[in-house]
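Shown next, in structure tokens, is the structure this report addresses.
The sequence lines fix the lettering, A, B, ..., with proteins before strands; numbering per chain opens at 1. In this text the structure is predicted, and so the values were computed from the model without any measurement.
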2 protein chains.
Amino acid sequence: MSKVGIRDVAKLAGVSTGTVSRVLNDHPSVTKELRARVTGIIKELGYMPDPSARSMRSKVSRLIGIIIPDLTNPFFSELVQSVEQAAANHGYNIIVMTSLDHAAKEADRIKQLTSRKVDGIILVPSIDFHTIKLPKGLPIVVIDRLMPGYSGIAADHRNGVRLGVEHLLQLGHRRIGFISGPSHSVPANDRLRGYLDAIERTGEQAGEQADGRAAMAGSPLIAEAAFDYESGRSAGNYLLARARNERPTAIFASSDQQAIGCMRAAHDLGIPIPAALSVMGFDGIPLASMTTPRLTTVKQPIQDMAAAAVAVLLNKQTAPDLDNPILFACEILKGETTAPPQPDKH
Amino acid sequence: MSKVGIRDVAKLAGVSTGTVSRVLNDHPSVTKELRARVTGIIKELGYMPDPSARSMRSKVSRLIGIIIPDLTNPFFSELVQSVEQAAANHGYNIIVMTSLDHAAKEADRIKQLTSRKVDGIILVPSIDFHTIKLPKGLPIVVIDRLMPGYSGIAADHRNGVRLGVEHLLQLGHRRIGFISGPSHSVPANDRLRGYLDAIERTGEQAGEQADGRAAMAGSPLIAEAAFDYESGRSAGNYLLARARNERPTAIFASSDQQAIGCMRAAHDLGIPIPAALSVMGFDGIPLASMTTPRLTTVKQPIQDMAAAAVAVLLNKQTAPDLDNPILFACEILKGETTAPPQPDKH
DNA sequence: TTGTAGGCGTTATCAC
DNA sequence: GTGATAACGCCTACAA
């Protein structure tokens, strides 16, 4: 009953196992009628090829592995979900693993996936990732946290942040604080650069070089923090704990979670948002629209990135150059946390 | 280099492939010394057994499938992460799939997992799940949304909610609103029952039968809603849009997301929390501690549930009776959204 | 175009 | 306790 194999199909269809196999694999050299008859029998018998046997012989598992630091992070969970959908569209399934940002664990997971003979790996490297040895032939695409030397896909953090900061500038803000990510994080640095881009550009235009220089010199307008909520909160406290006319009138955070933490800090300090302080985040996680007031943020096109990653792995799309990652444009998701600044009171 | 197989190990160790295999599988009948020598060679050669070949021969894939409705839901993403860890502890990997609460998709995913020869399936059934045919021998454990007829693992929603509502009662609340989940959802009904348990019990004790009866008769203190944020918000609006002395002084929501939506509704109505309204949620997702003020909630022991589910699948633990699911106790996570009620002004 | 047969890397069943 | 050897279920030259 449950033991229906390729030979049963062959026997019942009056053909050889070879023909059945060729039908299974869409080999072109099979008659229309034969193909029809065989597929009929297959359905009739409810035959399903054994993936293990198949994989062993053909070296194709129709499995792709994805390793992320932490599934609890909404950005990554949305990424995984998107990858699952994209993979399913191609008849692939995914093995999910979490590294918890632990390099050793990550290396181990990669080994496991390798020996599982997955057809490809999508990797969000852990913070202290250094390098991996992969059997050549196993495609790997690094996503979000780019690493030189690996095919990469990511949002265009730099331009995304620049866009966001420019939005604040256009509203009239001039003292714009920035909550940066960990300095050893690639995306964090890209985002910081985007901030500096915007500030400097404005400075040049307006002749107010001071702002740009101050920012670059590590002025008190920049606070480094981890990407999480609590870090955002204390960074917010740091940026806001000063006289009103020195305090930023707007803060751009490198992640939505930071931004939400920052909102809490402002709230605790009795600073109303957006009346006395504009706040923007980055990522566009669902959570961003659940805050009070709704967070204005820069959204990464996660689904597109996931689809691209899968396509690259399956050779449906040419892999990006090792040193030229595919970058996806971000867009501003307008919420209620941004408004023109209040004039300083002298 | 990359083609090191069991025969290479055997040759180099001066033993037969059979012995190597036995070492690999911790078969008791192998000398200590031999085992040591072989494991040494294995490490030296960096040999990793081919899971496909292994699975083909032994009918064990060391793979377990998990199907959830939506990975974007923080409860499920934490569940998946916990399952992944638990599985890894047993040398297992997981294939993750999302059904998007779509029964057809779900059925298809189950078929895929079956043909993948996973060693077990952990399933959170979709809302409109009806039944599945599984080749016997494939263990399946239903988690969270219990179904009669399947081995089940879940939090004790009913008692958990009762505990939470009792907390509100102890604070002095008497008009306690309840945001229920979808009426066709099993956990939703369990939670509702827990609410009724608490209300009725108090009514009996205090002789105020009215409360209990009112609640049971579908009084305006109960609002049905989906589990998400927006639904919680409109349910909150519904419950709060009435004269102050008729309005609930506390609201227990069936999910944290609902509770957060409800907080937003209260905020929009100018009702301060917890001064004029206490709010409690259910689930204990990380998000609950990120709100302002921090949400008081009832936490499900997700990790324990995940570990149990894996243990059951792997026969490390006896499966629960088909009609007696394993229930895990919940505990209250105290935040800042609950306080004694203000006295009514007459 | 279709049939035949060998072998993929392990595990399990025998003997020894 | 250990070694030889036959499957496991399928794909793929190669032959017809």
Using a 4.0 Å heavy-atom cut-off across all strands, classify B/Thr31 as base, sugar-phosphate, or nothing.
sugar-phosphate
For the side-chain hydrogen bond (donor to acceptor under 3.5 Å, both in side chains) test, which of A/Ser58, A/Ser61, A/Ser52, A/Ser55 pairs with B/Ser52?
A/Ser55
N/O to N/O distances under 3.5 Å, protein versus nucleotides 11-13 of chain D:
from, atom 1, to, atom 2, distance (Å)
D/dC11, OP1, A/Arg54, NE, 2.7
D/dC11, OP2, A/Ser21, OG, 3.0
D/dC11, O2, A/Arg57, NE, 2.9
D/dC11, O2, A/Arg57, NH2, 3.0

Could you tell me whether [X] atom [atom1] has more than 12 heavy atoms of other residues or ligands within 6.0 Å of it?
{"X": "B/Lys316", "atom1": "NZ", "result": "no"}
{"X": "B/Lys111", "atom1": "NZ", "result": "no"}
{"X": "B/Gln303", "atom1": "CD", "result": "no"}
{"X": "B/Lys59", "atom1": "NZ", "result": "yes"}

Grab the [atom1]-[atom2] distance between [X] and [N] for me, whole Å please.
{"X": "A/Arg62", "N": "D/dC10", "atom1": "CZ", "atom2": "C1'", "result": "15 Å"}
{"X": "B/Glu33", "N": "D/dG1", "atom1": "CD", "atom2": "P", "result": "12 Å"}
{"X": "B/Arg35", "N": "D/dG1", "atom1": "CZ", "atom2": "P", "result": "11 Å"}

Tell me yes or no: between the side chains of A/Asp108 and A/Gln112, is some donor less than 3.5 Å from an acceptor?
yes
Side-chain donor-acceptor contact under 3.5 Å, A/Asp119 with A/Tyr92
yes
Which sits closer to the 5' end of DNA chain D, B/Gly14 or B/Lys117, going by the nucleotide each is nearest to?
B/Gly14
First contact, last contact: which nucleotides of DNA chain C are these for chain A, 5' to 3', heavy-atom distance under 4.0 Å?
C/dT1 to C/dG9
Between [Y] and [X], does any NZ, NE, NH1 or NH2 come within less than 4.0 Å of an OD or OE carboxylate oxygen?
{"X": "A/Asp101", "Y": "A/Arg145", "result": "yes"}
{"X": "A/Arg116", "Y": "B/Asp50", "result": "no"}
{"X": "A/Arg109", "Y": "B/Glu84", "result": "yes"}

Per-helix bend value, the helix from C/dT1-D/dA16 to C/dC16-D/dG1, C1' rotation axes over five pairs per end, 10° rounding, shows 30°
Can you tell me if the side-chain N/O atoms of B/Lys59 get under 4.0 Å from OP1 or OP2 in D/dG9?
yes
Which atom names give the shortest non-hydrogen contact between B/Ala155 and B/Cys330, and what distance separates them?
CB-SG, 3.8 Å
